[in-house]
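Scroll down for the structure; my scribbles are underneath it.
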Amino acid sequence: MGVLNVTPDSFSDGGHYFEADAAVERALTMVDEKADIVDVGGESTRPGAMSVSQNSELDRVIPVIERIRENSDVCVSVDTSNPEVMRQAALAGCDIINDVRSLAKEGALETAAASGLTVCLMHMKGEPSNMQDNPTYGNLIDEICDFFRERISACCAAGIESNRLVIDPGFGFGKTMLHNFELINRLGQFKSFGLPILIGVSRKSTIKKILGDFEKTLKVGSVTAALIASLNGAKVLRVHDVKETVASLRIAQCIVREKLI
Ligand code: 7PJ
């Protein structure tokens with residue numbers, strides 16, 4: 001899953017892709033680099049980010065989704081918590097709703113159910129404005145599993161069958177660096193839900209804190225963490241560096257399957 005930020009304050013690409021043209025071009029480049037999914041997001045959820053109005057979120061993401069759809073068959077996801085954005089994204093040809101708030105906003109469950117789309121449920125402790133204020137857990141994995149159980153049953157009750165669900169433990173969303181290490185290390189424990197596991201580690205602050213905020217080290221750190229997540233059971237990796245991640249996964253698959261692929 002390639003990340004396509006269409007936010008002017010996006011921290012990882014400096015907002016260079018706010019222009020719709022550049023965003024569509026970047027999406028198609030990621031498709032060439034073998035992204036299976038392009039994740040289009042118009043709300044920055046970096047810690048402490050400002051919230052965005054519905055109209056500006058719609059203006060940012062809908063034209064980009066429409067134009068990706070016109071130019072490619074790639075699976076498109078929309079990174080949003082806003083039901084109206086979900087609804088219009090579905091009409092524009094989007095395939096997946098990726099909601100860091102797991103359909104908690106009013107009307108989101110109903111809208112997602114009616115859309116018929118696949119939904120990614122992500123764990124976040126708190127809200128982007130406060131989630132990094134000393135997050136604590138009794139047992140990290142148990143607490144996230146409890147959260148998934150609750151959201152999966154809310155989805156089922158709203159008519160979203162489990163074959164439309166993907167789960168994501170939310171690396172960096174209300175977690176310390178140690179929590180993030182534990183998440184990746186114990187990712188296999190989430191397999192018991194029988195749902196595909198998605199994870200996004202790419203260029204997040206945990207990696208920056210270890211290696212520094214430099215283009216090359218961020219890439220290497222992100223690819224390394226993504227690869228370990230994949231080996232531990234992640235089926236979808238949300239990444240900025242598609243080409244490098246695909247190369248890394250390919251080497252891993254050659255080794256795991258003991259054949260040239
Ligand atoms: C994630 C996301 C993630 C899912 C963002 C960033 C912040 N969606 N949207 N999982 N992160 N499902 O890219 O650093 O980890 S936005």
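For ligands, and for the atoms within them, numbers begin at 1 and follow the listed sequence. Since this is a predicted model, take the numbers as computed values, not measurements.
- For the pair Ser248 (side chain) and Glu244 (backbone), a donor-acceptor distance under 3.5 Å is absent.
- The side chain of Asp79, and not its backbone, has at least one atom closer than 4.0 Å to an atom of ligand 1 (non-hydrogen atoms only; side chain from C-beta on).
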Can you check salt bridge (Lys or Arg N to Asp or Glu O under 4.0 Å) on Glu70 and Arg67, steps first, answer last?
CA-CA 5 Å; Glu70 283 163 19; Arg67 286 177 50 198; 5.4 Å; no
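- Of all atoms in ligand 1, numbered sequentially from 1 with element shown, those under 4.0 Å from a heavy atom of Asn98 are 4 (C), 8 (N), 12 (N).
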How far apart are the C-alpha atoms of Arg101 and Glu127, what are their side-chain angles, what is the distance that settles it, and do they pass the salt bridge (Lys or Arg N to Asp or Glu O under 4.0 Å) test?
CA-CA 8 Å; Arg101 295 180 184 81; Glu127 268 289 310; 2.9 Å; yes
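- Here is the list of ligand 1 atoms found below 4.0 Å of a heavy atom in Met122: 3 (C), 4 (C), 10 (N).
- The distance between the ring centers of His179 and Tyr137 falls below 6.0 angstrom.
- Residue Gly200 has at least one heavy-atom neighbour below 4.0 Å for each of these atoms of ligand 1: 15 (O).
- Taking only non-hydrogen atoms, the option from His123, Lys204, His240, Arg46 nearest to atom 15 (O) of ligand 1 is Lys204.
- When atom types are taken as modelled, the side chain of Thr206 and the backbone of Met177 share no donor-acceptor pair closer than 3.5 angstrom.
- Atoms of ligand 1 lying under 4.0 Å from at least one heavy atom of Phe173, given by number and element, are 1 (C), 3 (C), 5 (C), 11 (N), 15 (O).
- When only interatomic distances are considered, the shortest N/O to N/O separation between Arg238 and ligand 1 falls below 3.5 Å.
- Between the side chain of Asn5 and the backbone N or O of Thr7, no donor-acceptor pair lies under 3.5 Å.
- Using a 4.0 angstrom heavy-atom cutoff, Asp168 counts as in contact with ligand 1.
- The closest side-chain heavy-atom distance from Lys125 to Phe147 is not below 4.5 Å.
- Taking every non-hydrogen atom of Thr45 and a distance limit under 4.0 Å, the qualifying atoms of ligand 1 come out as 7 (C), 16 (S).
- Taking every non-hydrogen atom of Leu198 and a distance limit under 4.0 Å, the qualifying atoms of ligand 1 come out as 12 (N).
- Checked by atom type and distance alone, the side chain of Arg69 pairs as donor or acceptor with a backbone atom of Gly93 at under 3.5 Å.
- Listed by number with element, the atoms of ligand 1 under 4.0 Å from a non-hydrogen atom of Val100 are 2 (C), 8 (N), 9 (N).
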